[in-house]
Protein chains: 2
Amino acid sequence: MVVRLADVAREAGVSPATASRVLNGSSRSPAEAIAEKVRGAAERLGYFPNAQAQALARSSAGLVGLIVHDIADPYFSSIAHGVQHGLKGSGLRVMLSSTDRDGETEMEAVRAFMSYRTEGIVLAGSRTVDGDEHLAAAVETYRKNGGRVVMIGQPLPGTLGLRVDNRGSAAELVRQLVALGHRRFVILSGDMNLVTVGDRHAGILEGLAEAGLEPLAVLPGIFTRDGGLEAMTEYLESAKGEVARGQVCVLAANDVMALGALTAVRRAGLRVPQDVAVAGFDDIATLEDMVPSVTTVRLPLDAMGEQAARMLLGEEGEEAIQVVEGEPVLRESTAFCL
Amino acid sequence: MVVRLADVAREAGVSPATASRVLNGSSRSPAEAIAEKVRGAAERLGYFPNAQAQALARSSAGLVGLIVHDIADPYFSSIAHGVQHGLKGSGLRVMLSSTDRDGETEMEAVRAFMSYRTEGIVLAGSRTVDGDEHLAAAVETYRKNGGRVVMIGQPLPGTLGLRVDNRGSAAELVRQLVALGHRRFVILSGDMNLVTVGDRHAGILEGLAEAGLEPLAVLPGIFTRDGGLEAMTEYLESAKGEVARGQVCVLAANDVMALGALTAVRRAGLRVPQDVAVAGFDDIATLEDMVPSVTTVRLPLDAMGEQAARMLLGEEGEEAIQVVEGEPVLRESTAFCL
DNA sequence: AGTAAGTGGGAATGCGCTTTCCAAGATATA
DNA sequence: TATATCTTGGAAAGCGCATTCCCACTTACT
């Protein structure tokens, strides 16, 4: 049914060894006349090398693993795009795992990638405050077995990765907002068990402290658009007075939460930014088409994915960890209104 | 360095055959006492099966391929999410290829998936009007070699798939807009070489024709947000008069183009929907947070991905092709203004 | 012409696992 | 007790390919 290398060799009247040398970039390549015969035979028979067999023989599978929390989230899909792009031309294929933020699923992905002998793993998605020992152990095992791991966000010790300066960037955002005149902040935090959330939170508090301020409220929630919508809706219900007293500036833990919050504000019949100013974090693509445009901290997501891929390929010098600074981008959604 | 099954077997004092039977869901399972010894040994040694070797021995790799035009595009990332979800529990892993709409890259992906002996391929992304013979041939070869192919959009003949009724849905959208009072339409078409674009275009014309209308203009462009932005900007430059004469309704070939168009309109200092109404197609997630909310045709993207996965698994009866109807969702961006 | 060095192709081995196929022991039936 | 029927674990043969040797043969040089 399926054409094997041996079939091609027979058809071309050569040995499997020769056929192999012709069809795969071997260091030794046979005479052109023979090579031509082999290629002709392969073409005629419709030969496709069996990647599993190659992987076994070469003990290298030509795969890399990509783990993200949610591929439908623009944050991760941009990174995924960058990774694909960065891998282009390397001959490596990517295995994707979208874990829906489930730790067990994430571990399972690492184990699977271990089994598939992927050359490396790009692991995007926040670490959690408490439950990472298992993941760390799995990653460690993976590395011991010869795989490279590039983490985006907060690299685990020993791994390569891009460390996003969530804390510093958040603090800087707050500084700029304070300079604009804002004083009354509400933090829309997301799941505090996520390290990313914690860091951004800490950065915000730091920025506020520098100005001698404290947040009016801290709203926990889920780290998604709907999470932002819910938490904000609830807040606006319970704190009508606060908002009536003057413009409030909501600092969301990421952009999708900010979008949810934005919608919540509008549904409550309030204006952005006059009544409630809103800022996000990440600078996902759709943000620039919003009206009012939304303040955020820009992260070069696509480039980060690409760089992660290059680190995996070992093309990035031996800088184990690179720090990514976010750049605050002040837009209309946080215009200060007396 | 790396632990093999044979090592586990030796450690447990059994044969490799027995170890294999214990550790992988074989039909024959040894006595519990022995099984326990084997599991213990595997655990102690940190054994991970080599998926390549298993694939070779079983001649089945436990992989499925997923090909999308651009994983960063919310249309595709939603589908990808659905596919992942639909595969959950099947033990299948997904190999991703984001092709950036390049036919050659797409072909390469099919070939790679052929080599990796994936059980099937989910192929999302529009066919092109002219250049599909190669793809069709590759897909045909793939199928002959025993793989299933599920196409989302316009299934090629012989493949399984979800056929999106682009034409009918577009016509229906137009009907509803006409009923609202709109008469002056501009079509923002995207690359007419894409079948999806052509179908939606045809549907729009059909809807217009029913009302005895013709489009004011047809703007070709690239099938992305920036494509929409550019084409619309250009149009607004060159057709100031047209817009001044009264509200124009722009029908974009998809949502991301519509978002670009929206921004173009605003940058030109015009109002949505009073001066220019805008409608998209797909109903990507961020649409609901836009102000004004954007009219579109809703496609159940996530569910489509999930269903595609199930079709690949053969869980969907033997209906080879299922038709997906889009549902027009009229929102503020197309409010009719005299 | 004779030897050394180089070339090019093939036989054979092994990558790590699954899966027949066997054999030996256990149990059952007459 | 002797024969038939299950069970169970192991030996061995692949799965499809890359690659190391090895050998036959050229070419270069003295």
Check this for me: does the side-chain of Arg21(A) come within 3.5 Å of the base of dG10(C) through a donor and an acceptor? yes
Donor-acceptor pair, side chain of Glu106(B) and main chain of His69(B), under 3.5 angstrom: no
Of the listed nucleotides dG16(D), dG14(D), dG10(C), the one nearest the side chain of Ser15(A): dG10(C)
In this structure, how many angstroms lie between the P atom of dC17(C) and the CG atom of Leu23(B), rounded? 10 Å
Within the distance-only criterion (no hydrogens, no angle test), does the side chain of Arg117(A) pair as donor or acceptor with the backbone N or O of Ala61(A) below 3.5 angstrom? no
Please tell me which of Ala19(B) and Val14(A) maps to the more 5' nucleotide of DNA chain C, matching each residue to the nucleotide holding its nearest heavy atom. Val14(A)
What is the distance, to the nearest angstrom, from the CG atom on Asn50(A) to the C1' atom on dG14(D)? 14 Å
Given 3.5 Å as the limit, does a donor-acceptor pair link the side chain of Asp7(B) with the main chain of Arg4(B), or not? yes
Asp102(B) side chain to Thr105(B) main-chain N or O, any donor-acceptor pair under 3.5 Å? yes
Does Asn24(A) have a side-chain nitrogen or oxygen under 4.0 Å from the phosphate oxygens OP1 or OP2 of dA18(D)? yes
Under 3.5 Å donor-acceptor, Thr18(A) side chain and Val14(A) backbone: no
Please tell me if Gln54(A) has a side-chain N or O lying less than 4.0 Å from either OP1 or OP2 of dA18(D). yes
Where each residue is assigned the nucleotide of DNA chain D containing its nearest heavy atom, which of Ala17(B) and Ser59(B) is assigned the position nearer the 5′ end? Ala17(B)
Whole angstroms only, please: what is the CZ-P distance between Arg10(A) and dG16(D)? 12 Å
Please classify the nucleic acid contact of Ser20(A) as base, sugar-phosphate, or nothing, using heavy-atom distances under 4.0 Å. base
Let me know the distance between CG of Asp7(B) and P of dC17(C), rounded to the nearest Å. 8 Å
Rounded to the nearest Å, what distance is computed from the CZ atom of residue Arg58(A) to the P atom of nucleotide dT19(D)? 7 Å
Measure from CG on Leu5(B) to C1' on dA11(D) and round the result to the nearest Å. 15 Å
Measure from CZ on Phe48(B) to C1' on dC15(C) and round the result to the nearest Å. 20 Å
Considering just the side-chain nitrogens and oxygens of Thr18(B), establish if one lies under 4.0 Å of OP1 or OP2 belonging to dG10(D). yes
Can you check the Leu56(B) CG to dA13(D) C1' distance for me, whole Å? 13 Å
Can you identify which nucleotide, out of dA11(D), dC17(D), dG9(C), has its nearest atom closest to the Ile34(A) side chain? dG9(C)
Tyr47(B) side-chain N/O to dC17(C) phosphate OP1/OP2 under 4.0 Å: yes
Scan Pro49(B) against the nucleic acid and name what it touches under 4.0 Å (heavy atoms): base, sugar-phosphate only, or nothing. sugar-phosphate
